Structure formats: C-alpha cells, structure tokens
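Step one of this worksheet: look at the structure below.
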Amino acid sequence: MPRMTMIEAIRSAMDVSMEHDDDVVVFGEDVGYFGGVFRSTQGLQQKYGKTRCFDVPINESGIVGAAIGMAAYGLKPCVEIQFADYMYPAYDQLTQEAARLRYRSNGDFTCPVTIRMPTGGGIFGGQTHSQSPEALFTHVCGLQVVVPSNPYDAKGLLIASIENPDPVIFLEPKRLYNGPFDGHHDKPVTSWAAHPLGEVPAEYFTVPLGKAVVRRPGSAVTVLAYGTMVHVAEATAEETGIDAEVIDLRTLLPLDLETIVASVKKTGRCMVVHEATLTSGFGAELAALVQEHCFYHLEAPIVRVAGWDTPYPHAQEWDYFPGPARVGRALREMMEA
Amino acid sequence: MPRMTMIEAIRSAMDVSMEHDDDVVVFGEDVGYFGGVFRSTQGLQQKYGKTRCFDVPINESGIVGAAIGMAAYGLKPCVEIQFADYMYPAYDQLTQEAARLRYRSNGDFTCPVTIRMPTGGGIFGGQTHSQSPEALFTHVCGLQVVVPSNPYDAKGLLIASIENPDPVIFLEPKRLYNGPFDGHHDKPVTSWAAHPLGEVPAEYFTVPLGKAVVRRPGSAVTVLAYGTMVHVAEATAEETGIDAEVIDLRTLLPLDLETIVASVKKTGRCMVVHEATLTSGFGAELAALVQEHCFYHLEAPIVRVAGWDTPYPHAQEWDYFPGPARVGRALREMMEA
Amino acid sequence: MTDNITGRLSLHVPEPEVRPGGKPDFSNVTIPEAGSVRRPEVDEDPEQMRDLAFSIIRVLNRQGEAVGPWAGSLTNDELMEGLRHMMLLRVFDQRMLMAQRQGKTSFYMQHLGEEAVSCAFRKALVQGDMNFPTYRQAGLLIAGGYPMVDMMNEIYSNDADPLKGRQLPVLYSSKEYGFFTISGNLATQYIQAVGWAMASAIKNDTKIAAGWIGDGATAESDFHAALVFASTYRAPVILNVVNNQWAISTFQGIARGGSGTFAARGLGFGLPSLRVDGNDYLAVHAVAKWAAERARRNIGPTLIEYVTYRVGAHSTSDDPSAYRPKEESEAWPLGDPVIRLKNHLIQVGAWSEERHVQMEAEIRDTVVAAQKEAEKHGTLHSGGRPSMRDMFEGVYAEMPPHLKRQRQQAGV
Amino acid sequence: MTDNITGRLSLHVPEPEVRPGGKPDFSNVTIPEAGSVRRPEVDEDPEQMRDLAFSIIRVLNRQGEAVGPWAGSLTNDELMEGLRHMMLLRVFDQRMLMAQRQGKTSFYMQHLGEEAVSCAFRKALVQGDMNFPTYRQAGLLIAGGYPMVDMMNEIYSNDADPLKGRQLPVLYSSKEYGFFTISGNLATQYIQAVGWAMASAIKNDTKIAAGWIGDGATAESDFHAALVFASTYRAPVILNVVNNQWAISTFQGIARGGSGTFAARGLGFGLPSLRVDGNDYLAVHAVAKWAAERARRNIGPTLIEYVTYRVGAHSTSDDPSAYRPKEESEAWPLGDPVIRLKNHLIQVGAWSEERHVQMEAEIRDTVVAAQKEAEKHGTLHSGGRPSMRDMFEGVYAEMPPHLKRQRQQAGV
Ligand SMILES: Cc1ncc(C[n+]2csc(CCOP(=O)(O)OP(=O)(O)O)c2C)c(N)n1
Ligand SMILES: Cc1ncc(C[n+]2csc(CCOP(=O)(O)OP(=O)(O)O)c2C)c(N)n1
Ligand SMILES: [Mg+2]
Ligand SMILES: [Mg+2]
C-alpha cells in the first residue's frame, strides 16, 4: 500500500472525490494554481480545470457563503480556510446558514459542504496560526466536526465528509501534516513513513463519521484525545508506564459516546486532553457526559489537561502546549487520587 | 426607591454612565432617534446629543470594530447588537480583536467596550430572535460575560461593565425585560413592580462582576442558573417542594467558583439549567468544574437541563424552552438517584 | 462640505429631512421624467453606463402612458396579470396583518407600496432560476403561482405548514418555485445567490440566480462578499437592492452615506448598476429582463436599485409614527404601484374602473377562501400544530444518537 | 465581454498574464506621464474627482525631475531623510531575513520594493495621529523614529521584547509612535481605524487616523464596514490600499474583479479615491499630505491606492517562484523607490553616488549595531526570553481567579 504524509492523504482524498463525482469542487485562498499554502490541493487545478479548483478573493464569509449557494444548487464544495484562526469572518455563514439550511427549509434545501481548516499549534505560529476552535463548532447543532490524527483517517474521513449530505467542519492538525508529533518538540522530527497509519490506500475508501477508535488499549485510565493530542497521550502512556486506554475520538460531533462510556466503565478513571483553551473547551462537554454516564464507576474526578486560558503565545509555545510533561504529571496525580 | 422594569434599569445605567463620564458613547442599529427596538436607549440622544448616542449602518462587525477603535482612542463605548442572534458577523471582531488588544499589545492598547445584546427565547421569535450564545463567548479568554436576571442587577452590572477596563459581553434575557418570567407561559404575565429586585436606585451604583449570589438558600440540591432560568429554578423549587439552593451566577466569565463549590459541598447534588442548546453549552463547563472540585461530595451525577440540540423553533417554543415541567421532573429524578 | 473653521474636528451624523411633527419633504429626491433614461445594449461596457446609477429608469408617465426605450417589455394581458398579482399580495397582506392582530400568529411583515418590485421581477425569470429573497418579496411566490394557502400555513405554523412550524412567519421556502429558504440574518443570502449562480456556470447550465437585499442591509459585510465574488467570476446573477427609504427606524442616509445612490455601490466593481422606479411595474420588469438577459448570455452580473417606499410599519412589532411623519408616504413622489398600473391599463383601454372593482371583490374572495382553508389546519395557538417530533427532525439527514436520546427524554 | 454563443453558461476565472516559464508582461498596466495628473483642491466635490481613481499620480519622471502639480511637498533635506529611512528599512529587512534563516526567529516579512509607501506616508502625519497598519508597514515605525532595537527585540521574542514574546515577529505595537497593535487577521483594523477617527471627531480633537490594507485583503468584508462607516460619518481617516500586485500566490485580479482599479472601490461611497505611484516617494508624500489635510480640516475621508510591487516573497514561509516568473519584479514598470529618490536627489544636486555609498555603509553599521544590542537580550531559541509568567499576564487588567489557578498549576 502507498505511504502518504497527512498532506498527501488529504490531497488524495480530494483527488479521488473529484474523480468520483463531478459535483465536487474545491476552492479557497491560494488553493488553485499554487495548490494551497500547505500544498494540500497541489495539482488539482491542473487535473480538473480552473472551474473545479480555483483561487478566491480573500473573504472567508464569501468562501463559505458561495459554497452554501453552490451546495443549494447541487454541488458538493470542499473549501479550505487557510488557517482555522481565520474562520471567524465566516462564523455567521457556518453556524447560522450552513448548519441551518436543512432544518429551516424542512429538507427542501441542503448543504453538503466540507470546510477544511488547518488547526492547532506547534509551528511557532503565534496567536493567529495556532488556534483550535472545535468547541465553537460543537455547540452548533447541524454541524459535524471531524479531527483526524493520521494520514489513513484523514483520507477516509475527508472522503466521508465530502460525501456526507450535511456540512462538516474538517479540522486538520497542522503539526501532524508531515509526521506524527508526540509533543517532544526537542527531539528529532519523525515522518509518517515509519508509522503504520501512514499506509493509505490510493483508491476511494471511507472512514465513517461518528466512530471513535481505541488507539491504545489499557486498564488504568481512559484518555480521551483527538488530533495531535492522540500522539501525546500515547507517548505519555508509554513513558509513564501507566496503562492508559487512549481513545482517538476522530469525530467530535456527533460523538461516539458508546465507545467512551464502555472504556471509562472499565477503567474507572477518565482524563480529557486537548490543545484548545480549557474553559468551555470540548473537554468540558466530554467531562460532563462522562460523569453523567459513568458516575457510579468513577474512582476519581475527571481531569482536563488543555491549553491555558490565554491566547496562544509565540515565544512561550511549549509552555502553552499541553505536552507529555503536563499530561504525564496529571496522569500520575490521577492514579494517586 | 424607584421601581424599574429591566428595560428602564438598563436605560438608567447608560444614562448615569453617560452623565458620569463624557467618554461613554452609545450606538447601535435604531439606537439613536428611535431609542432602540426594545427602547433601551430612549431619550439618550435627546439628552446627550447625536455624537454620543447615534444610529449606525446595519453592520455588526462595523459596530464592534468601530467601538474597538474608539476604545483604543480612549472612549468607553457601550454598543447594542439588536439581537444576540445577530452578533455572528461581529464574532471575529469580538473574539479576535476586542478580546486580544490588551494581551497582544502588552497593555499598550486596551478595549473597555461593553456589548449589550438581548438574548434568549420566550417571545416566539423563532430561530433568529431567541438564541443564547453565551458559551460561544465563555470559551474566549479576554472576554467577560454577564447575564443579569433582574432590574437591580441589570443596572448595577451594566454600570460595572461600562466602567470595566476590558471588554464585556452583556446578555440581556429579553423575556425578562418587562417582568420576571418563571416559565409558566400559560399563566398571566407578572410585572417587575411587585418584585423586590424591581426596586432600583436612581443614582450611580455598581454590582461587581465575577460574583454570584444565592437567590434561594436550600439544602437538598444546588441549582446553577442565570438569566431567565433563575426564575424558572426558583419557581420549580417552590412547586416541587424540593429544597433547592438556587444560585444566580450573574457573571459566567470570570466565574464565582467559590460560591458554587461551597454550595455543592453542602448539598451534595448539583443541577445546571440553561436555555442554550445542551451540547458544549456553558452547562458543560459548570458540570466539569463541579465534578472536579466537589467529586467526593457528590451523591449523584450532575444533571444538565437545557435547550435541545436543535435550532430554536417557532411553533414548538414551549417544547424547546426548559420550563418548570422539565426542570421539576429532572429535580425529582435527581433526588431519587 | 463641512469645513473646519475652529481647527477642531466634529462628527457628522446624517439625519432625515423631517421627523414626526415636521412636514414631509422629498424635494431632495430628483425624479427624472418617464422615458428619459437611455437603454444601453446588454453587452455595452459597464464603464459607459455609470450615468444609470444616478438616474431613475421610468416607463409610466403621469398620464399613465408607457414611454421611452424601456417600454414594451410586456403585453396588456401580461400587465393585467401583473395587476392581479399586486392586488393579491396587497389583500394577502391585509388579511395576514389582521390575523396577527387577532392572535392567530406571532408576527407579520407587509409589502405595502412595494408590490411592483417582487411581482414584476418574478416575470423576468423562468422556471429553474433561483431567488434568494429577504422577508419582503412574497410577490415572487404570488407571481410565481405558489399556493397562497401554503404561505398562510407557514404563517400560522399549523399542521400543514411546509416548514413544520420551525420558521418565523413569512420566512418561506420553496425550491420548486425558485424561492430559497429565507434567513432571519440579513445579507447572508446575497453571497449565497452568487455561489448558486457560479454553480450554474460551473455546470454549464442555463439557470440564473437573483439576490435580494434592503437599503439598510447593503451596509452588511456580506453585501461586499457578494459584489466581490460576482465581479471576479462574472456570475450569472442579478443583485437587487430594494431601497424603500427605511431600515426599521433608520433612514436610508445612514446606510448610503456619501454615495449619491445605492446603485453607485456597484460602480467600484465594474458592474452595470441601474436605478429604477420601483413603483412602476413596467420599468421594474424591463430592467429585470435586461439584467436577466445579461446573466443568461453569460455577460455577467447586474446591480439594480429599486427606488420605492415602505408605506407600512417595518413589521407588526414596529410603529413608524415614532420616527417619521405619518403623512410621509402620501408625499412620496413615485405614487402607488397598483394605482399606477391600473391607470395605465385604463389609459390604453384594456381596463376600467368597473372591472377593477370587480377584480378587487374576486381577489378578496380568493384570499378569504385560502385563509379559511388554511385555518382548517389550525393557527399558531389553536388547532393543529406541528409536533414536538418535528422539532427534533431535520437537524441532520440522519438523526444522530444524541438527538435520539434527547427526543426520548422529551418523551416523543 | 464573453458572449454566450452556445446558450450555456460558463464560469470566468481570472488569470494573471504570465506564470512561471512565461515572459513577464506589464503592457496592460497603463503608466501616465509624471506630472500629468491634476491636483484638485481638497474641498472639491469628490464626484468631480472620479478620474483620479483610474489614473496614477506621479511626480518623479524618468530624468529624476519632480514635475507637475503634486511636486514640491518636501524640501531636499526632508527628501534626504526619506532616502535614509527607506535604506534603513531595506537593510533592516536584509538583516532580519538572514536572522530568520539562521534560526534566530521563526518568521519574517519584508518590504522590498514597497519602502516608499510607509516611509513617505508617515511624514504626512504628526505626533498623536494613529496608524492601523498591516504587517508590511514597518516604514511607519522607522520614519517615525521608533527604536530599531525594539523592533528586533520583538522579532526575536527575547526578554526585552516590548510585547513579551506574545506576538508573531513583525506584529509590532506602539501607541506612543502612533502604531496600532497589528492583528494577524486581515482587514479587521480598517474599520477600527475609522472608529478611532470617529472618536477623535466626537471629542473635537485634532488627531486623525490612517487605515492600511493590502490589495488582496480589500476583498475582506471589514473593508466594506470601514468604507460604509467612514462615508456615513465623514470620519477624519485616510484609507490606504497597498496594491503590490500579489496576495501570497494570488494575483490582484482575483480581488479586483471587474473594477479597473482598487481606488475605484471608493467611488461607490462618494469618497475621493486617488491612485498614486507607490514607488515614488514624492508622489506618495504629496497625496498623503493632501488626504491628511482633508481629514484634519474635517472635510472627510480619502481612499488612496498605492500602485507598487512586492519584489520579495510574501513571507519567509513563501516561495514566489512557484507562481510567478522570477524576472517579473525587474519588468515592473515603476522601478525601485530607493533608486528613484536617489536619482532625483542627485539630479537636483543635493546628493551624489559617493555620499550614497557612504550612507549605505553608515546605515549598515547602524543596523548591525542595533542587532548586536538586541541579540544581547537573546533570540527566539537562545538566551533570554519572556517568561511563562508573562504568558499568563495581560489577558485582563486584573488576573481573574481561574487564571491564577492555572498559573499556579503551571508552577510559576
Ligand atoms: C444580521 C442582522 N442584523 C440585524 C437584524 C435586525 N433587522 C431586521 S430587519 C432590519 C432592517 C433592514 O432594513 P432594510 O435592509 O432596508 O430592509 P427593509 O426592512 O426595509 O425591507 C434589521 C436591522 C437582522 N435581521 N440581521
Ligand atoms: C482573515 C484572514 N484570512 C487569511 C489570512 C492569511 N493571509 C495572510 S496574508 C494574506 C495575503 C494578503 O495579501 P495582501 O492583502 O495583498 O497583502 P500583502 O501581503 O500583499 O501585503 C493571506 C491570505 C489572514 N491573515 N487573515
Ligand atoms: Mg429598507
Ligand atoms: Mg498584496
């Protein structure tokens, strides 16, 4: 099977989707001739022509608004917001329009739009190239929120998202684009070539939305993670020797609560890790659900390890990022609780 | 002491603030000559002139963006977004600009802006005149989020917000404007005239941000509420005979965790109620915090009673609204747990 | 120009000419003579049409004659049909306003004075084209033949409501009738219209789109997004601005600022930008047809400003006497669209006062019959209504587990 | 005009004249002769100045002479100072680019080819005025006398960084020097500039504001918000558009669409809209001064498009050879701003090649000295750096309990 980086897997997902369905169109800032600032769409314009893959004026509301109109016509747009940090001008179109068409019109109009955005820190991008805004989407009914953690899932989930009849926010942890990153920023960079999930079928396949996966079985504690933090959690389990069960949520909305509850009932402990700011982050929802559904199985409070309640700073990037040191400390404390 | 409706109290807060400080300016859609669609600014243009209270072009991003520029200059703008449902076009300016000026510039520029918005349902406003978007603000560090539940607090908190050196999102439960509403939509409407918190000093006074208050002491369960839901919770406690301690949070960010934790440790049970959509609502953060800080005192899972994960419908308004029937049922179930 | 004598700055805040208590004054509104504005070819260079953004295209003169280069886009039969549509819309409005006052629904928004705009525009489109309307273009449905009883069902949120009670009254939706689901949020749909038109072009289709926006809402940022995208991709879209002089209590000068007209906004994008008498059914139709031809021939988008006047309140929640003189609508220099079309038809001998009175009665009966039919299905607070189950449906194509759980919890 | 022969629509997607491999071609850019564009009075009716949005105001001709009605806004001494500022900025860019390559910081953005715009503009403002810049106007700081070492400290995020390491390199902030904190989000500050200017007018102050935006970012919706508010309230603000032909890999035609120029965007708002040779220090200054006078005399806002060319990469993360011919910058018809001003000063006898070489050396020394000074405080990955405590400070004026808890948890 071919080996792909996450960028290649994402590109391949769009490629096979465009091949497979003429109604799939791809656009965004610098997405056309140049192929995107992360090169995710490289070659698509050359292959499918200027009217199926093109550059747009820098207006995120325009990108999403136009995509909604196209979707109402019958196309399946897959658009890129250059960084998740720049989705805010499109927030109205995303949350009040894309998410609402089906409900508002009783199914008369629908919105099969996929909105891709690079997310998360780890590249010294400062406050406006590092954000993880997933919780601003999980509060919005009508949206679906996907965060892949590896090339295989990225391709399969992106194809499933493009196919999906409703809008999908597809968050791409940019620090994973070129290799699995476990938070040890001072160690040499590793590539996807050596990782089992860097093996990705060249052809069309899907990974279903709404299904989590256990990345590392364990018995001592359940760690709920997604995106980059999956790798941090796995590494921390190995390093601390704590037998954590690491769950990669993959889809945050709708959530695979069943897998989560089964695990926590087994381990009796739960930790949630994410890069986004703590307060009202998605970890809050996870903690609320877990205590609701596993209350009588919990041996200790659910712990959240997350980005601090500050903007993502530039120089203090690794103080902000919830890396293996912080996760490890929290895990050890939890096991003592 | 004068008696005021919540509208009158809000108007009075702006009036005394403008009187007290020349740098306070007020603007928004229909806010000038007409005095606002809810009449909250009635008379202010006549009293303070067109350059301190004026109408604006319908552009919420423009309203907040201009307010930020004015604040950077040295003014203290207090602006109105006609309905909270229409704040989305301003979401970028609110969360990436207003909330960030101080941090970004290391205090060189600051943003003492107050953004008022009518929020919540109960007036058959449908999907776009009923929303409660507080959780979309509580995830944003740099913002403060205030929700008054009565005329006295509304005035004191609004003055404190206008005075505050950082941006404040001031959410006004519109169903409370003209009377305390306990969710019994089929009973006759009551007015603030008879309510003790309808007594409001005519002069300048403040209610501090960040402080919750116990509205109804009780020993059986702690109910965390804000805005309209405070009245629903109080009524439900009376009606069910369950001795609930009802806490009115008043400020959601920063949160008065101390008051909450003290109460839950006493009662051993906690329920969170809000009108906003359940998933990733502010109730999630409250549940996460409470289980974290009171784990060993909890006798039952924390329960959230909230708006469903659907848009706020028009005809089914009272099916959607978490009124006394739903809260009462949940309370009874909780006491049995 | 305000010059600065003191060396100190001051803020300019525009104000309408008159406020309640004052005498209505439209002397600042220049009304060119009917027939006086030229009609360029649809493929003429937009840079050569800038004048059209500062004039008003009019066809009907004071005598009720159709004059000038924009006349003649419709037959007398078509005009009689148009008159009927406007009268239907007006009576529909009256009945629904009354129904709201009677507590049969929560809210209503009327079209009084603006009927020509949406009714005449609709006749320039064909089946398959798509409108992205605001809440004040029900004429698109009526002139498009949409069943009036379904409009009423929506307004009543009753059990026959095609939208299952989910939407506020008047926020209709009908794909079949080329009427996109209305959003409560202003301006969002302007750019969606452009996207829809782009899609039609991408698919080498023949269908075109029309975006709708009010004078006040042109200030919203999505207006810009729409113009940028339409201009760049030459989308087959007609961008309509209905300037009815008011945005709730705010006069059009606040949104318009220093530009002479709303049509002028198109000039910075190289778009043909036309201003038309919105109370002149013939002029509206002719200009809409011109723009539709431009779009359909793939030449590109057109911006049209309809100059009209909102005679009624903004909505049933509004009382205009608080911010404008009561008699202002009577002073409005472009008259009433129904009366003007009626007079034209009488002038050309195709109509008479008697037939008009007859038709008024017939229309009243039609609307009342539809209303009776609708009320059989219930009104907002009585009779049949959409169920709580309907509330949980349609958030997604397939109901996800958490919503199923909630529906169960709700006991339905 | 694309006509539709088949009866089927098709989507128009604009493309630059050439791509890598092609021969650079600016024959479509019309460059009027220096001195040929008229200079209206600042209080002339904007409607009478529409032509200025479609031409290019230029002062320096090929011979290096200053000609026409826009000449003469600066003395030779002032021009020599301007030359020095531009050279400082250029050397500063070179050193910081190299520092980034050496791993001393994460990121840098240069000004190559655009130095005249911000350097000359700054000299038209006075202490107390406020710029709302993008990331490509460091000339405002340099020409304003801001300490270069502090700029470097910010770029290095070292322990003397005035912004405590919180911001990305080049996102400076200095209230004292009239330089608003730069946002990473495009266009947001354009409307903030208008708000600032409105505040100055509300307070009957004398200060004015300037907003800055790139050609690409004019497509953002906040551009519209700014123009609407500026136009309506006649805010004392100068709205600058720096058209350097590129927005990362996207040529200006994508943002501009069918309008001939970016300046044209102002016409729909009734704003005076001027286009100026952005590589001509004298022309930039003269136009900026004209607009500043307009603002300060309370006449209203002005839109200015600076026609220039981004000679370097977008940022250190970008490689333009992937999307445009390498030799394109040499073909750019407006030349290099430093050379043009130098030639002018030599032409008028105020300067010489020798003095220029001398100044180059002196400037190099100045910049290198500043760099050494800054590096004493550390660079991004070595030496002193802002603390983790600094990360927790400044979110609010007073640290709320939850942040204190988090800081404690972090052990600082
Ligand atoms: C984003 C947004 N902001 C504010 C509103 C509230 N609002 C509803 S209608 C209206 C006035 C619109 O005026 P105009 O565009 O002129 O249309 P008209 O009502 O005159 O047809 C306002 C401010 C809204 N619906 N959406
Ligand atoms: C809201 C937003 N969207 C996208 C970006 C990413 N971005 C940064 S610079 C840039 C191009 C800007 O081009 P232009 O406005 O022409 O300015 P220039 O870089 O040429 O000076 C883009 C797309 C951003 N910073 N903010
Ligand atoms: Mg209007
Ligand atoms: Mg540019």
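Not measured: the values here are computed from a predicted model. Naming: A, B, ... by sequence-line order, numbering from 1 per chain.
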*Quick one: what part of C:T218 sits under 4.5 Å from any heavy atom of chain D, side chain, backbone, both or neither?*
backbone

*Side chains of D:N298 and C:S10, donor plus acceptor under 3.5 Å*: yes

*With a 4.5 Å cut-off on heavy-atom pairs, point out which of C:S200, C:S221, C:A53, C:A199 contacts chain D the most.*
C:S221

*Which heavy atom in C:I254 sits nearest to a heavy atom in D:T232, and how many Å separate them?*
O-OG1, 2.7 Å

*Shortest non-hydrogen contact from C:S231 to D:G258?*
OG-N, 2.6 Å

*With respect to chain C, which residue among D:G253, D:P14, D:A263, D:G266 yields the maximal number of heavy-atom pairs within a distance under 4.5 Å?*
D:P14

*Can you tell which of C:D222, C:I202, C:L271, C:L11 has the highest number of heavy-atom pairs within less than 4.5 Å of chain D?*
C:L11

*asked:* If you apply the rule side chain to side chain contact (heavy atoms under 4.5 Å, CB included), what do you find for D:L267 with C:R50, and how did you get there?
replied: CA-CA 11 Å; D:L267 300 180; C:R50 303 179 143 265; 3.9 Å; yes

_With a 4.5 angstrom heavy-atom cut-off, is it the side chain or the backbone of D:K207 that approaches chain C, or both, or neither?_
backbone

*Shortest non-hydrogen contact from C:N204 toward D:L9*: ND2-O, 2.7 Å

*asked:* Using every non-hydrogen atom in the two residues, find where D:D205 and C:R8 come nearest and quote the distance to one decimal.
replied: CA-NH1, 3.6 Å

*Going through the checks in order, is the side chain to side chain contact (heavy atoms under 4.5 Å, CB included) test met by D:F269 and C:R265?*
CA-CA 7 Å; D:F269 297 85; C:R265 292 280 148 93; 3.3 Å; yes

*Using a cut-off of under 4.5 Å on heavy-atom pairs, state which of C:A219, C:A201, C:G270 scores highest against chain D.*
C:A201

*Which atom names give the shortest non-hydrogen contact between C:V228 and D:A255, and what distance separates them?*
CG1-O, 4.1 Å

*Interchain contact, C:F223 with chain D, by part (heavy-atom threshold 4.5 Å)*: side chain

_Out of C:S259, C:G257, C:G260, return the one with the most heavy atom pairs under 4.5 angstrom to chain D._
C:S259

*Using the six-membered ring wherever Trp is involved, compare the ring planes of D:H224 and C:H224 and label them parallel, tilted or perpendicular (cut-offs 30° and 60°).*
parallel

*asked:* At a 4.5 Å cut-off on heavy atoms, which part of C:E47 comes close to chain D: side chain, backbone, both, or neither?
replied: side chain

*Could you tell me whether C:E41 atom CD has more than 12 heavy atoms of other residues or ligands within 6.0 Å of it?*
no

